[in-house]
Each structure stands twice: as structure tokens, then as C-alpha cells.
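In the text below, chain A, chain B and the rest are named by the order of the sequence lines, each starting its count at 1. Please read these numbers as outputs of a predicted model, since none were measured by experiment.
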2 protein chains.
Amino acid sequence: MVITRAGERTRDAILLQAAQLATVEGLDGLSIGQLAHASGMSKGGLYAHFGSKEELQLATVETARGIFVTEVVRTGLAAPRGLRRLLAVCDAFLSHIERRVFPGGCFFVVAMAEVGARPGPVRAAVAAQQRQWLDLLERLAGEAQALGELPAELDPAQLAFELEALLVAANSLFLLFDDQAVFERAWSGIKHRLGATAARRRPITKPRPRAG
Amino acid sequence: MVITRAGERTRDAILLQAAQLATVEGLDGLSIGQLAHASGMSKGGLYAHFGSKEELQLATVETARGIFVTEVVRTGLAAPRGLRRLLAVCDAFLSHIERRVFPGGCFFVVAMAEVGARPGPVRAAVAAQQRQWLDLLERLAGEAQALGELPAELDPAQLAFELEALLVAANSLFLLFDDQAVFERAWSGIKHRLGATAARRRPITKPRPRAG
DNA sequence: CCTACCGATCGGTAGG
DNA sequence: CCTACCGATCGGTAGG
């Protein structure tokens with residue numbers, strides 16, 4: 001099978017739409033017909049790219065992972081190694097929520113809640129991403145420790161759990177209450193836990209308006 | 001309209017089913033036909049109790065709130081006022097997850113993720129419950145403070161945010177990874193944050209097996 | 001990538 | 001509380 005460059009671009013555009021829509025409608029609530037319409041295609045056209053809804057969901061998770069890596073991981077890793085890098089990753093996470101990179105907040109928070117109780121390939125894909133994310137936080141905590149910027153008796157895995165908890169809480173309560181104050185709460189908790197005094201960068205891009 | 005006792009019991013049974021199912025399928029994924037079948041009724045029979053799907057969803061949120069109050073709030077409030085009561089509420093929350101009172105974990109975590117980006121009556125109902133829950137944690141933190149069991153300079157609202165974050169993270173990661181170790185992580189974070197040394201009660205009821 | 005179609009199920013209603 | 005039905009949409013397929 002020959003995959004043309006145009007075909008790839010179409011596929012990418014569909015999956016970008018899918019990742020965005022899934023944070024509002026859910027990975028299951030997102031229907032093929034709805035996605036086809038949003039992409040300006042026919043349903044049949046979509047099935048030329050994805051053989052089944054589950055295949056589409058898996059490709060959507062993979063696309064969301066790519067966006068997450070670009071927006072959060074790479075942005076954070078640009079900071080100098082150690083405590084600053086750990087803080088920068090947390091900052092980048094909060095920033096991508098505040099800027100509404102996904103209209104419904106963190107893609108993986110929505111996905112976790114949706115497939116958490118439904119074993120299968122989609123849950124496995126979401127779990128793998130979450131595992132990598134927690135491992136990254138743990139590794140960065142360990143590096144900060146190695147540089148003497150965090151107490152040696154801290155458990156990096158425990159720290160990763162607590163940072164993840166604060167970040168996700170900010171995401172969920174921001175969406176539910178539409179109140180930016182939760183970012184201050186999360187950041188305050190993170191600083192307190194890490195014994196740091198760093199200030200958050202302000203988002204550069206303006207937050208996108210909520211879809212009516 | 002006369003509401004018979006039998007009618008009330010039927011309604012309660014339907015809503016209990018709905019609350020349980022919604023934690024797996026979602027409030028939207030839960031269909032009227034599916035719920036009718038699970039309740040041993042016809043679809044038409046369900047519409048005798050609820051005029052629309054949204055009405056059913058609102059009644060389901062209310063039922064879930066009732067279960068949450070019984071399982072978590074009342075259980076926790078039975079402990080003596082102060083730090084012990086705050087810890088008991090957190091313990092009761094973790095226990096209701098561990099015992100799988102809802103098959104898909106905390107009802108309101110699922111609901112928040114689902115309706116967080118979709119304004120409407122259902123989101124408002126979920127937000128109201130969440131507001132009450134955070135207020136409860138804040139009030140209990142304040143009481144512990146008044147008794148001198150927590151430092152006076154702590155912000156009770158900030159504390160409530162952080163406790164909620166740890167509890168919800170335990171819920172989500174427990175479901176995703178099927179690993180009870182997250183309860184220790186959450187409890188460790190809670191104790192650390194509160195400067196407490198309390199041990200968790202072991203769940204009395206055996207965890208229910210996962211639905212295949 | 002399209003049109004045209006399949007059976008199944010969706011939320012909801014009529015009439016009893 | 002039931003049966004019987006409505007139009008719309010679901011995931012998916014055939015054939016081009």
C-alpha cells in the first residue's frame with residue numbers, strides 16, 4: 001500500500017480533530033460520523049484511514065501523546081537539569097491546561113476516567129502513557145536529588161505521585177469551576193513540597209475561548 | 001400524582017443501578033435501554049419514572065451523592081473532632097474506593113471528567129457536590145487548627161485542595177494500574193502534609209471482584 | 001476518497 | 001408499568 005504525503009496530512013488533520021473532540025465528548029462519545037463532519041469528509045472516507053472505531057481511538061491516543069510530549073515534556077526538558085527542570089515540567093503542564101491546548105483539559109485525565117474501569121487495548125495505551133509520565137517525574141526528581149537540590153531522604157516515586165496529584169487536581173477543578181485560582185493552589189502545593197521558591201512563567205499564548 | 005411505596009422502591013433500585021453503571025459507562029454512555037435491561041424493565045417503564053435522559057442523569061447524580069454521604073462523609077464524621085476526624089474522612093474515601101462501592105471508582109471523578117467541558121444542569125450538579133466536599137475538608141481542617149492540632153499558619157482551603165488531589169490521584173491510578181500501592185502513596189502524602197502519624201483502618205468489607 | 005446501503009440501537013412518544 | 005412504534009444516528013460494509 002502506498003501512503004501518499006497528502007494522505008498522511010489528511011490523516012494527521014483527522015487525528016488532531018479527534019484528539020481535541022475526545023476531550024469534550026470522550027473517546028467513546030466521539031462518533032465516526034461526527035468526526036467525519038468536523039473533518040469535512042464522509043464516513044466512508046474515514047474508514048479508508050481507520051478500519052474500526054477502536055483503531056481510531058488508539059491512533060487518537062497516540063496523537064494526543066505526541067501533542068503532550070511537544071507541549072509539556074519537551075518544553076519542560078528545555079530547562080537546566082535538576083530542580084528547575086522538574087519545576088519547568090510542572091509549569092508546562094499547567095500552562096497547557098491554562099492555554100486550553102485541548103478544549104476539555106488534559107486528554108489523559110479524560111481518557112483515564114473513561115477507560116479506567118474498561119480493560120482493553122485503549123486502557124492499556126492510556127496506562128502506558130501514564131506510566132511514562134510518572135517515570136519522567138520520578139527521574140527528574142532523582143536528578144534534582146543527585147544535584148543536592150532535594151533532600152536525599154525523599155522518595156522520588158512518592159514525589160512523582162504527589163506532583164501528578166496536584167497537577168491533575170488543578171486540571172479538573174479548573175474545568176469544573178472555571179476558576180484560574182486553582183493554578184495558584186497547585187503551584188503553591190508543588191513549591192511547598194519541593195521546598196522551592198520559583199515563580200511560574202505566565203502563559204505566552206492567550207488562552208483560547210471556551211467552545212460555546 | 002400518587003407515589004406508591006412500591007414505585008419509590010423501583011425508582012431507588014433503578015437509580016442504584018444507574019449510579020453503578022455510570023462509573024463504568026459514563027453518564028452519557030449509560031443508555032436508557034441498557035439501564036432498563038439491567039433493571040429488568042422495559043424502556044417505556046423507565047420513562048414512567050424519568051421524563052428524559054437528562055432528568056435521569058440528574059437523579060443519578062443525586063443518588064450517587066447520597067451514597068457518598070453515607071459511605072464517606074457520615075463514616076468519617078463519626079470520628080472525634082479535629083485532626084482525627086479529618087483523617088477519618090480521608091480514610092473513608094480511600095476505603096470506599098478500595099471496597100469498590102462503585103465499580104468504576106469515585107462516581108464524581110468519572111462525572112467531573114465527563115461533563116467538565118460541557119456546561120449544563122448536570123455539570124452544575126456535579127460542581128455543587130464537589131464544592132460541598134471541598135468545603136467539608138476545609139471546615140474539618142479549620143476545626144483541627146482551632147484545636148491546635150494543625151499549625152495556625154496553614155491555609156485550610158489550600159489544605160483541602162491538596163487532600164482532594166491526593167485522594168483523587170489514588171482513585172484514578174488504582175483503577176488504571178490495578179495496584180493497591182497507590183493507597184499507601186496517598187496516605188503517606190496525607191500524613192506528611194498534616195504532620196500526623198495515624199495508621200489507616202483496613203477495610204472491613206472485602207473488595208468486590210471486578211466485573212468481567 | 002465517495003455514495004449508498006446494512007442491522008442495531010439511540011432517545012423519546014402514543015396509547016393503554 | 002407494558003407493547004409498539006417514531007426518526008435519527010450508531011459502527012461498519014460494498015462497490016467503485
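Atom NE2 of A:His49 and atom P of D:dG12 are 16 Å apart (whole Å). Rounded to whole Å, the distance from NZ on B:Lys53 to P on D:dA8 is 19 Å. As rounded to whole Å, 9 Å separates atom C1' of D:dG12 from atom CD1 of A:Ile32. Remark: P of D:dC1 and CZ of B:Phe50 are 10 Å apart, rounded to the nearest angstrom. Between the CG atom of B:Leu56 and the C1' atom of C:dC10 there is a distance of 14 Å, given to the nearest Å. Residue A:Glu54 contributes atom CD, which lies 19 Å from atom P of D:dC10 at whole-angstrom precision. Spacing between atom CD of A:Glu25 and atom P of D:dT9 amounts to 14 Å, rounded to whole angstrom units. Across the protein-nucleic acid pair, A:Leu30 atom CG and D:dC10 atom P stand 10 Å apart, rounded to whole Å.
Side-chain N/O atoms of A:Thr10 include one lying less than 4.0 angstrom from OP1 or OP2 on C:dC1.
Between A:Glu162 and B:Arg185 there is no salt bridge, since no side-chain N of the basic residue sits under 4.0 Å from a carboxylate O of the acidic one. A salt bridge links A:Asp178 to A:Arg100: one of the charged nitrogens lies within less than 4.0 Å of a carboxylate oxygen.
Scanning all heavy atoms of the two residues, the minimum distance from A:Met112 to B:Ser172 falls at CE-CB, 3.3 Å. When every heavy atom of B:Pro103 is checked against every heavy atom of B:Leu175, the shortest pair comes out as O-CD2, 4.2 Å.
Atom CD in B:Glu98 sits 12.0 Å away from atom CZ in B:Phe93 (nearest 0.5 Å). Interatomic distance, B:Ser39 OG to B:Leu21 CG, rounded to the nearest 0.5 Å: 8.0 Å.
Residues A:Arg201 and A:Thr75 form a side-chain contact, since some pair of their non-hydrogen atoms from C-beta on lies under 4.5 Å apart.
Residues satisfying the salt bridge (charged side-chain N to carboxylate O under 4.0 Å, His left out) test with A:Glu54, not counting sequence neighbours, are none.
No option in A:Phe108, A:Phe68, A:Phe107 other than A:Phe68 meets the ring pair (Phe, Tyr, Trp, His ring centres under 6.0 Å) test with A:Trp133.
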message: Give the dot-bracket line for DNA chain C from 5' end to 3' end: parentheses for intra-strand Watson-Crick or G-U pairs under 3.5 Å, square brackets for crossings, | for inter-strand pairing, dots for unpaired.
response: ||||||||||||||||
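Across residues 35-47 of chain B, B:Lys43, B:Tyr47 each have a non-hydrogen atom less than 4.0 Å from an atom of DNA chain C (numbered order).
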